[in-house]
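Report on the following structure.
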There are 2 protein chains.
Amino acid sequence: MTSPREPLTRDRIIDTALHIVDGQGLGRLTMRRLGDALQVEAMAIYHHLPRGKEELLDGLIAHVAALPAAWPRPANGTRPAAGDWRAHLRSWGGAYRARLLDHAGVLPLLMTRRNPTALAETTASLREVLRMAGFLDAAAATGAHTILGYVIGHAALEARATAARRPDDPEEAVDWDHRFAAGLDVVLAGLLTLP
Amino acid sequence: MTSPREPLTRDRIIDTALHIVDGQGLGRLTMRRLGDALQVEAMAIYHHLPRGKEELLDGLIAHVAALPAAWPRPANGTRPAAGDWRAHLRSWGGAYRARLLDHAGVLPLLMTRRNPTALAETTASLREVLRMAGFLDAAAATGAHTILGYVIGHAALEARATAARRPDDPEEAVDWDHRFAAGLDVVLAGLLTLP
DNA sequence: ACCTGAACACCGTTCAAGT
DNA sequence: ACCTGAACACCGTTCAAGT
């Protein structure tokens, strides 16, 4: 698809790798296959990612995991309405879930590999949203982990279930969109009980 | 440790594999290394697990994932006290989290592989506990997924964070026990808002 | 029935060599 | 600076052969 002599860059390598994972699964992401897709020998990749496949996988995580929940900057310096935080976290949760499911092959990496920066940014911004909503520091920290844990965990359950379902399998057709939203509402309602 | 001529069985293979994963990580679980640990050629394993490594990994999941939340059968036919369900789920959540963290290397498999029976049993028993506590069917289904999603997701966040932390790293010492319990309480409190 | 040995088609990565 | 080719030490798995 791309011109054969487009220069090899770190970004292009990671984008192509993500494309392979989304299309064929994590198990088929191979340095040799990645080289083929880039029209280059596999060994050329090491010039741009010296740490090799480790660095490649970390790049995939960073690309998928970092979706801050930062409040959209208020238009004219006004504070966001205090009651908005639940609606805001609902829409952030929906967006984050959608991204995780779009790149379901990266999910196991996201949960496993110690790539501290990737999730740290997201956690910090969740905490900040809760603090601006009036929660104390300790409650904001607990709440951020509760929300992120739920969103990631539920996305993983969904990815498992929908991947396993054969298209003609009529048993237990679950409305995952609704179930995720309902569960997120449970978590958000529970946050009100924090000290 | 075991006698060299102990017979090779499916259970012994899976136990030994789990031991390797717990001790050295999932990446070092190899058919050849597993054969060494069993004092047997790698190819002998295929005789007991015809589907090979696929079947081995499914066996690991089944061993770790299936922890039903079933209520301990009441002593003399009495129903468990209706108010007990939160305490019961709190203690079940603690036990499930502990098991997941004990076998953190299996976590990515648990979240990724389509081994329907493994988590189905746990989900069903969570649903049953909620139904016995008085929740309607739809609410029990939502609640079960919310709880399980939170527990698994939070365990994964913990496993990541604690694996990454160097022992002398003083930054941000988190009390994960407390944080998990507080988050689970958030979820359980939120369940009360379900219709 | 249960295990072995050799072989096949793959991996990730190193390293000297080309341009 | 950027890429290639050959090589090394590994994989999972098949298959014929041994007992």
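Every chain is numbered from 1 and lettered A, B, ... according to where its sequence line falls, protein lines coming before strand lines. Just so it is clear, the values below take in all heavy atoms, side chains as well, and ignore hydrogens, waters and symmetry mates.
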Could you list the donor-acceptor pairs under 3.5 angstrom formed between side-chain atoms of residues 183-195 of chain A and any protein atom two or more places apart in sequence or on another chain?
from: A:Asp185; atom 1: OD1; to: A:Arg90; atom 2: NH1; distance (Å): 2.6
from: A:Thr193; atom 1: OG1; to: A:Gly190; atom 2: O; distance (Å): 2.7

Per-pair distances, 0.1 Å, donor-acceptor, side chain in residues 130-140 of chain B, under 3.5 Å, sequence neighbours excluded:
from: B:Arg131; atom 1: NH2; to: B:Glu128; atom 2: OE1; distance (Å): 3.1

Distance-only check: which donor-acceptor pairs under 3.5 Å involve side-chain atoms of residues 53-67 of chain B, not counting sequence neighbours?
from: B:Lys53; atom 1: NZ; to: B:Leu29; atom 2: O; distance (Å): 2.8
from: B:Glu54; atom 1: OE1; to: B:Arg113; atom 2: NH2; distance (Å): 3.4
from: B:Glu55; atom 1: OE1; to: B:Arg51; atom 2: N; distance (Å): 2.9
from: B:Glu55; atom 1: OE2; to: B:Arg10; atom 2: NH1; distance (Å): 2.7
from: B:Asp58; atom 1: OD1; to: B:Arg113; atom 2: NE; distance (Å): 3.3
from: B:Asp58; atom 1: OD1; to: B:Arg113; atom 2: NH2; distance (Å): 3.4
from: B:Asp58; atom 1: OD2; to: B:Arg51; atom 2: NH2; distance (Å): 3.0

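A:Asp36 has its CG atom 12 Å from the P atom of C:dG12, to the nearest Å. For B:Ile13 and C:dC2, the CD1 to C1' distance is 12 Å, given to the nearest whole Å.
Residue A:Ala44 places its side chain closer to D:dC3 than to any other of D:dC3, C:dG12, D:dT13. In the set C:dG5, D:dA7, C:dG12, the nucleotide with an atom closest to the side chain of A:Met43 is D:dA7. Between C:dG12, D:dG5, C:dT4, one nucleotide has an atom nearer to the side chain of A:Thr30 than all others, and that is C:dG12.
Partner of A:Pro108 under the side chain to side chain contact (heavy atoms under 4.5 Å, CB included) criterion, chosen from B:Leu110, B:Thr112, B:Leu107: B:Thr112.
Nucleic acid contact class of A:Arg33 (heavy atoms, under 4.0 Å, all strands): sugar-phosphate only.
Only A:His47, A:His48, listed by number, bring a heavy atom of residues 47-56 of chain A to less than 4.0 angstrom from any atom of DNA chain D.
The backbone N or O of A:Arg33 sits nowhere less than 3.5 Å from a side-chain atom of A:Thr30 that would complete a donor-acceptor pair.
The shortest side-chain heavy-atom distance between A:Val21 and A:His103 does not fall under the 4.5 Å cut-off.
Within the structure, every pair that satisfies the side chain to side chain donor-acceptor pair (under 3.5 Å) test and touches residues 91-101 of chain B, not counting sequence neighbours, is listed here: B:Arg97-B:Glu158, B:Arg97-B:Asp177.
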task = Both distances under 3.5 Å, Watson-Crick or G-U wobble: on that basis, could you give the dot-bracket string for DNA chain D, with [ ] for crossing pairs and | for other-strand partners?
result = ||.|||||...|||||.||

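In this pair, B:Phe180 and B:Tyr150 present their aromatic rings parallel. The plane angle is below 30°, not in the 30 to 60° band.
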